[in-house]
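Below: the structure, in structure tokens.
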Amino acid sequence: MYEEYLRALLAPLGVYRLDRDSLSGAELYALGRELDLAAHRLDEVEREGVTATAEDEGLRRREALFLRRPAAVTPEERRAAIAALLQIDGDSLTPEAIDRTIRGCGIRARAIELGGNRIRVVFPGVVGVPPEFEQIEKIVMDILPCHLGVEFYFRFLTWEECERAGYTWALVEEREYDWEGFQKAIPPEPEGELQP
């Protein structure tokens, strides 16, 4: 790229031999190659220096600033998590801000205010305990202020749902459920019902 630019810039002077076999042409080629490498590195530094465009080193360096790495995986989710964590300040204690921060960290959860300085963290669309819960719990506890009581809500089958779905022990045995499988055999929820 820069080699061609330099050739085009110097050709009108008619002073230099610009073919690669000549001394001046070889110097021009080497200089152009180094300028290309420098331009590539500058593009990389510019990309990684901004959270919104960082893809690798910039994300790792920002994540290192936090006690725990966000639960996000893709570069887009990691950027959103870092942006959410950077927004935490003294005015971030509203339920909406806490909820936004938790979700921004790549945790597929919602925070619901229960009153009396208590928050319930729910996992919409997840039956049972999320597989990455140990990491999620640490991140949530780091985000939330210490004066808030935190309750984690895990979705399992209730007896009321068993009755409503018409489950019988014969049906449970027929489907060969073990206890864990039975706890997670939640029938589809009617719209607006069974919300935590």
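In this chain, residues are counted from 1 in sequence order.
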query = Side-chain heavy atoms under 4.5 angstrom apart, residues restricted to Ile, Leu, Val, Met, Phe, Trp, Tyr: same cluster for Val121 and Val126?
reply = yes
key: Value rounded to 0.5 Å, distance of CD in Glu113 from CZ in Arg118   = 10.5 Å
task = Decide whether Leu171 and Leu157 are clustered together by the hydrophobic rule: side chain heavy atoms of Ile, Leu, Val, Met, Phe, Trp, Tyr closer than 4.5 Å, transitively.
result = yes
request  = Would you name the heavy atoms of Pro124 and Ala109 that are closest together and state the gap between them?
outcome  = CD-CA, 4.1 Å
ask   = Should the pair Arg164-Glu161 be classified as a salt bridge under the 4.0 Å nitrogen-to-oxygen rule?
value = no
query = Distance from Glu44 atom CD to Leu42 atom CG, nearest 0.5 Å?
reply = 10.0 Å
request  = Of all the heavy-atom pairs spanning Cys162 and Phe182, show the shortest one and how long it is.
outcome  = SG-CZ, 3.6 Å
inquiry  = A side-chain contact here means heavy atoms from C-beta on lying under 4.5 Å apart; do Val172 and Trp179 qualify?
reply    = no
message = Any side-chain to backbone donor/acceptor pair from Arg79 onto Ala54? Under 3.5 Å, distance only.
response = yes
query = Would one find more than 12 heavy atoms of other residues, nucleotides or ligands at under 6.0 Å from atom CD of Glu76?
reply = yes
query = So if you build clusters from Ile, Leu, Val, Met, Phe, Trp, Tyr with side-chain heavy-atom gaps below 4.5 Å, do Trp159 and Val127 land together?
reply = yes
ask   = CZ/Arg108 to CD/Glu77 distance, rounded to the nearest 0.5 angstrom?
value = 5.0 Å
task = Taking all non-hydrogen atoms of both residues into account, name the closest pair between Thr53 and Glu46 and its distance.
result = OG1-O, 4.2 Å
task = Considering only NZ, NE, NH1 and NH2 on the basic side and carboxylate oxygens on the acidic side, decide whether Asp43 and Arg47 come within less than 4.0 Å.
result = no
ask   = Quick one: CD1 on Ile119 to CD1 on Ile112, what's the gap to the nearest 0.5 Å?
value = 9.0 Å
inquiry  = Please report the interatomic distance CG(Asp36) to CG(Leu31), rounded to the nearest 0.5 Å.
reply    = 9.5 Å
query = Using 30° and 60° as the class limits, which term best fits the ring planes of Phe152 and Phe154: parallel, tilted or perpendicular?
reply = parallel
message = In this structure, would Met141 and Phe133 fall into the same cluster of hydrophobic residues linked by side-chain contacts under 4.5 Å?
response = yes
task = Examine distances only and state if a side-chain atom of Glu55 and a backbone atom of Glu48 form a donor-acceptor pair shorter than 3.5 Å.
result = no
